Each structure stands twice: as structure tokens, then as C-alpha cells.
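Heads up, the thing below is written out as C-alpha cells.
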Amino acid sequence: MFLTLLAAPATAQVTFTDMSAALGDHVYDGGWEHFVGGGVAVMDCNDDARPDIFAAGGTNPAALWINSGDFNFQPAALPDLIGVTGAYPLDIDGDGRLDLYVMRVGPDVALRGGPDCSFTDATADWGIPQTDQWTTAFTAWWQDETRPVMALGHYVDRSNPDGPFEACDTNTILRPTDSGYTAQVLTPGFCPLSMLAGTDARGRSTLRISNDRHYYVRAGHEQMWDIQDRRFLGAADGWADVSLWGMGIASQDLTGDGRDEVLLTSMGDQLMQMAQPDGTYTPAPYSIGTYAQRPYLGDDGRPSTGWHAEFGDVDNDGRADLFIAKGNVDQMPTNAMADPNNLLMQQPDGTFEEVALLAGLAETHRARGAALADFDGDGRLDLAVVNRRANILLYRNDTLGTGHWLGLSLTQSGGNTQAIGARVALTTPTGLQTRELRVGGGHAGGQSLPLHFGLGDATQAEAVITWPDGTTTRQTLAADQVTTLFHP
């Protein structure tokens, strides 16, 4: 039993309304090279405090929608982008505007963000090396530079004549130089489908890599790479090898101890790893309710296939809930075909309860990427889901009786304008919530938005922000609004 440090009113009946017509038709499609991917990136690209949406299209063009409020979205122009598997928003050039790193089957593209959500190809201008590799994972961090270090996960080596089985490609770390970027090969590669750089249970900056090892490599496993020491962790570090069909990563402190738990999606069990005081991780017991290894509709008993996972407080009760996008790879007979998405609500005792069917989210398309974001500014997290061979879905959170909430946007001087790496400890009369600003994780897409906290009955909270340079500031934050803090 995992006793949460937060108490809140009785759980509201979670309700979502399908608003997909606001986006129109958009399908992530393609053959075997697009069995994976299908990410969605959410960011405010025109500084109007409304989240906008970029979605991968596979063999269809990628799409961008501008949010004009009240669930009205307008399609916007993009450079011609085909073969896109996903994208992550971040400020690459430090000008204060969000850019997009676009992952592709083939050379990736870095898009410079301009006024009014205009994007231009800046890959060559920024000196980012290009290869013909198949990019399926991305994360970034700042390490004493004005521009980010970026890690790329590459799936199968398409040029290998003996592939695709046992033909996992190498990965790449792009490091800024005076004239652009230099590429460092990171090997071995076990067909990664998600990467996440952040503080691990030891309190050190680590690159976590989740690998689809079972299809393509024997003896493959999940990987942890120490960013400062530039080496993979092993048994001597307390890192026990974990082998699964790794698809996505979600990470958040669930126990209030300042250490982030990690949820790894897979074919079959969705593995929750609990952070321990000694810096190691242990699997959560089955009773936690997050393994979600089979569909809950009762009409297909084969194992589920999990993709994007994301924590978010859907009812604002002060406890992080969990969404998992589900869907068969294509026509894999060993796994469920009717595989509904999960919405797992955290209970007062720290366990999770499935509510997606009652909430109106039990779609059985081949879901891939997803995003929890407050699209209409009412303080409730809404949802977008990209599907393979089916239209993108958009849901409005209409849950009644939710708790108070707050949003926190951090900015700072220098190249790391979004304060990536900052950590927030938020205290209300009922407990502590900690969050870290990161780029990466999920499956093939992520967000750059204010941090969202549910507060339950509290109308304010005390925040301690540890900025990337190690300095700390304290602030009392009012509920039911977004506060922006600047660090000089």
C-alpha cells in the first residue's frame, strides 16, 4: 500500500466530451515504418496563453492547429513535412520562442518558431547533423551551454540487408559547439521508443532509454546513462536490468518524497518503478492498479499494447492520475485488437482505479501519442490522442466538482529560457507535490506548457523552486490561475 501524502474531497465522476470535430480529419498512417510513432506536441506558439497542437502524420503531412479559444482550432501552415513520427517543443536557439524538433523516418528537421506560430526549417542554420536514420525517441537537457544537448533514439537500421529483426540502430547525442552541433554515437542501441533526461532516484541527471528490445535484439534491456559521467549504469550502481517491450515513459513523484516514480509502457504489463531512498527502483506491487495488462471491456483477453503514458491531475484533487494510450501494433494476433485507452485515477491510498469507460474515453483505435493539456483555460486537463489509421481525437474535460488548481510557468535569462531542469516543491495544508521541468518522455511527443497542479480544497500553495543553477526561491501562489515566475 502506498499511502499518499495528500488528502482531498471525494472523487468526482470524471467526464470527457468528444470535441474531435474541432480538428477535422487527420490520420497518422503508413506501412511498417510507421507501426510506431504518431506523436503529438502541445505548446503555446503565439503567446496567447492557449495551447496549440502539432501532430505527426506518417505518410500523411504533419498538421498544426492554432487554438483560438473555446475549443475552436484553425489549421495553420507548416513546411512540407512527410514521414514524421513525432515532435517535441523546446527553445533551441534561446530567443524565447518555442521551436520544434521533428523526428522522421529519414533526416530529422528542426523548426524555428516565429511570430504567430510560423515555423521555418532551421536545421542547416543551426548546424544540426542530418542522417537517414529512423528517429523514434527524443529528449534534451542543458549542461553549461546556451543551447540544449539533444539525444536521439533510432529504431531499426533500414539499410541493414539482414533486417529488420536484430537490426537495431545506434543512438545519437548532439552536443552544441561554436559552429553548430557535433554528433556522438551512443551504443549499444536496443530499438528505443522513448527517452527521458531528468533527475533519477539517486539525485543525479540521467538519460533513461526505454527499448523495444524483444522484437529486434536478444539480450536487450532498458538503459540508464549517467549524463555527467557519460556511461551506462550497471549492477554496481544498483541498476538491475529490466527487459520489456518498452514503448513510452512517464515520470512523476507519487509519494511526496521528492523522488520520481517511473511508468514504462509495454506489450502486456505497464511497469511502475517505485523510487527508493537508496537511489534504486523496485517494481510496484500488482495491487497498485497500474499494470493494465489486458483490456477492461471484457471482449478480448489478449495482452494490451501500451504507448504514450502521462501523469496529470484530471480532477484536481491533489493526486496525479495516469492516462495510457493503447493500440495493437498493426494486426499482431498475440495481442488485443480491441484495446481501449486507460484513464487510471489515483485513490487516497495511492492505488489507481480504471475509469476510462465511464469517463467516455474507451476508444479502441490504434492509439499512439497523446497529451493532457488545459485547452480551454478552465483549469481542467483536456486530452488529445493521435491514432494510427484513424482520426485524431480531442476531448474536453467536463468533470463537475473538481478541486482548485494552479499553473506555474517558469522562465529565466540565458539560453535555457524555459528553465528546463528546474524542480518545484509545492506545499498545501494537506501535503507536498514535486515536479521537474523536462523535455522528452511519453511516446514520440511532449509538451511545453505551465506546470499544472491540483490543489483540492486549498486556495493557495507555497512553492519552493530550485532553478537549474541551483538557487532557490520561495513564492506563495494563488489558486485558479497561471503564475509566471522569472529568474534573472
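All values below were derived from every heavy atom in this structure, side-chain atoms included, with hydrogens, water molecules and symmetry-related copies excluded. When a residue number appears, it is its place in the shown sequence, counting from 1. Remember, it's a predicted structure, so these values are computed and weren't measured experimentally.
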Problem set entry | Value rounded to 0.5 Å, distance of OG1 in T305 from CD in Q270 | 8.5 Å
Exercise. Going through the distances and angles, do D382 and N397 end up as a side-chain hydrogen bond (donor to acceptor under 3.5 Å, both in side chains)?
Worked result: CA-CA 5 Å; D382 311 301; N397 185 347; 5.3 Å; no
For this session: Begin from the C-alpha positions of R158 and D132 and carry the test salt bridge (charged side-chain N to carboxylate O under 4.0 Å, His left out) through to its verdict.
Result: CA-CA 9 Å; R158 294 174 299 138; D132 195 38; 3.4 Å; yes
Exercise. Between CD of Q133 and OH of Y155, what distance do you get to the nearest 0.5 Å?
Worked result: 15.0 Å
Exercise. Under the side-chain hydrogen bond (donor to acceptor under 3.5 Å, both in side chains) criterion, do T473 and W467 qualify, and how do the steps go?
Worked result: CA-CA 8 Å; T473 58; W467 297 89; 3.0 Å; yes
Exercise. Taking the side chain as C-beta and beyond, is there a heavy-atom pair between R208 and L264 under 4.5 Å?
Worked result: yes
Exercise. Taking 4.0 angstrom as the limit, do R396 and D378 come out as a salt bridge?
Worked result: no
Exercise. Taking C-beta and beyond as the side chain, do L233 and W225 meet within less than 4.5 Å on heavy atoms?
Worked result: no
For this session: Say whether, by atom type as modelled, one donor and one acceptor occur between the side chain of R218 and the main chain of R213 under 3.5 angstrom.
Result: no
Exercise. Taking all atoms of both residues into account, what is the closest heavy-atom pair of Y28 and V84, and its distance?
Worked result: CE1-O, 3.3 Å
Exercise. Can any side-chain N or O of N211 pair as donor or acceptor with the backbone N or O of G246 at less than 3.5 Å?
Worked result: no
Problem set entry | Heavy-atom side-chain proximity of L244 to E222 below 4.5 angstrom | yes
Seminar exercise, completed: When rounded to the nearest 0.5 Å, the distance separating OH of Y88 from CZ of F54 is 12.5 Å
Exercise. Going by atom types only, do D29 and T59 share a side-chain donor-acceptor pair under 3.5 Å?
Worked result: no
Problem set entry | T434 and V424: CA distance, side-chain angles, deciding distance, side chain to side chain contact (heavy atoms under 4.5 Å, CB included) verdict | CA-CA 5 Å; T434 63; V424 178; over 6 Å; no
Exercise. Would you say V36 and M247 make side-chain contact, with heavy atoms under 4.5 Å?
Worked result: no
Problem set entry | Evaluation steps, salt bridge (charged side-chain N to carboxylate O under 4.0 Å, His left out), between D260 and R438 | CA-CA 12 Å; D260 288 351; R438 293 176 290 229; 2.7 Å; yes
Exercise. Do you know the tightest heavy-atom contact between D374 and G379?
Worked result: OD2-N, 2.8 Å
Which pairs would a plain distance check flag for residues 109-121, meaning a side-chain donor or acceptor within less than 3.5 Å of a matching protein atom at least two apart in sequence or in another chain?
unit_1 : atom_1 : unit_2 : atom_2 : d
S118   : OG     : P115   : O      : 2.9
D121   : OD1    : T123   : N      : 3.0
D121   : OD1    : T123   : OG1    : 2.7

Seminar exercise, completed: Between V40 and G369, the two heavy atoms sitting closest are CG1-C, 4.0 Å
Exercise. Charged N to carboxylate O below 4.0 Å: is that the case for E462 and R474?
Worked result: no
For this session: Walk me through it: do Y281 and M224 pass the test side chain to side chain contact (heavy atoms under 4.5 Å, CB included)?
Result: CA-CA 12 Å; Y281 295 89; M224 293 278 275; 4.1 Å; yes
For this session: Any chance you could lay out the side chain to side chain contact (heavy atoms under 4.5 Å, CB included) test for C45 and I66, step after step, and finish with the verdict?
Result: CA-CA 8 Å; C45 55; I66 308 305; 4.1 Å; yes
Problem set entry | N341 and V385, any side-chain heavy atoms less than 4.5 Å apart | yes
Seminar exercise, completed: Tightest non-hydrogen contact, residues L426 and A463, listed as CD1-CB, 3.8 Å
Problem set entry | Member of L152, T170, L207 meeting the side-chain contact (heavy atoms from CB on, under 4.5 Å) criterion with L186 | L207
For this session: Would you confirm whether Q447, through its side chain, and L372, through its main-chain N or O, come within 3.5 Å as a donor-acceptor pair?
Result: yes
For this session: Say whether R259 and T255, considering side chains only, have a donor N or O and an acceptor N or O under 3.5 Å apart.
Result: no
Exercise. Less than 4.5 Å apart, any side-chain heavy atom of D313 and any of W405?
Worked result: no
Exercise. Between the main-chain N or O of F138 and the side-chain N or O of Y101, is there a donor-acceptor pair closer than 3.5 Å?
Worked result: no
For this session: Could you verify whether a donor N or O on one side chain and an acceptor N or O on the other, from E310 and H308, lie under 3.5 Å apart?
Result: yes
Exercise. Got a donor-acceptor contact below 3.5 angstrom from the E436 side chain to the T199 backbone?
Worked result: yes
For this session: For A49 and D44, work out which heavy atoms get closest and say how close.
Result: N-OD2, 2.9 Å
Exercise. For D47, which residues count as a salt bridge (charged side-chain N to carboxylate O under 4.0 Å, His left out) partner, sequence neighbours excluded?
Worked result: none
Exercise. Are the side chain of N67 and the backbone of I53 linked by a donor-acceptor contact shorter than 3.5 Å?
Worked result: no
Exercise. Tell me, do R175 and Q143 make a side-chain contact under 4.5 Å, heavy atoms counted?
Worked result: yes
Check: residues 481-488 side-chain donor-acceptor pairs under 3.5 Å, at least two apart:
unit_1 : atom_1 : unit_2 : atom_2 : d
H487   : NE2    : D469   : OD2    : 3.0
H487   : NE2    : T471   : OG1    : 3.2

For this session: Could you walk me through whether Q418 and L410 pass side chain to side chain contact (heavy atoms under 4.5 Å, CB included), step by step?
Result: CA-CA 6 Å; Q418 306 297 307; L410 301 181; over 6 Å; no
For this session: Go through the side-chain N and O atoms of D253 and Q433 and say whether any donor and acceptor fall under 3.5 Å apart.
Result: no
For this session: Indicate the atoms forming the closest heavy-atom contact of A444 with G38, along with that distance.
Result: CB-N, 4.3 Å
Exercise. Is there a donor-acceptor pair under 3.5 Å between the side chain of R388 and the backbone N or O of G30?
Worked result: yes
Problem set entry | Point-to-point distance, once rounded to the nearest 0.5 Å, from CG of D91 to CH2 of W142 | 6.5 Å
Exercise. Could R231 and D226 be called an ion pair, given the rule that one side-chain N must be under 4.0 Å from one carboxylate O?
Worked result: no
Problem set entry | Donor-acceptor under 3.5 Å (D95 side chain, R97 main chain) | yes
Problem set entry | Spacing of L322 atom CG and F311 atom CZ [to the nearest 0.5 Å] | 5.0 Å
For this session: Check whether any side-chain heavy atom of H26 sits under 4.5 Å from a side-chain heavy atom of W65, and report yes or no.
Result: yes
Problem set entry | Side chain N171, main chain G189, donor-acceptor under 3.5 Å | no
For this session: Any chance you could measure N416, atom CG, to D144, atom CG, to the nearest 0.5 Å?
Result: 11.0 Å
Exercise. Checking ring pair (Phe, Tyr, Trp, His ring centres under 6.0 Å) for the pair W134/H154: CA distance, chi angles, key distance, verdict?
Worked result: CA-CA 5 Å; W134 176 0; H154 298 126; over 10 Å; no
Exercise. Just by modelled atom types, is the P283 backbone N or O under 3.5 Å from a matching donor or acceptor in the Q273 side chain?
Worked result: no
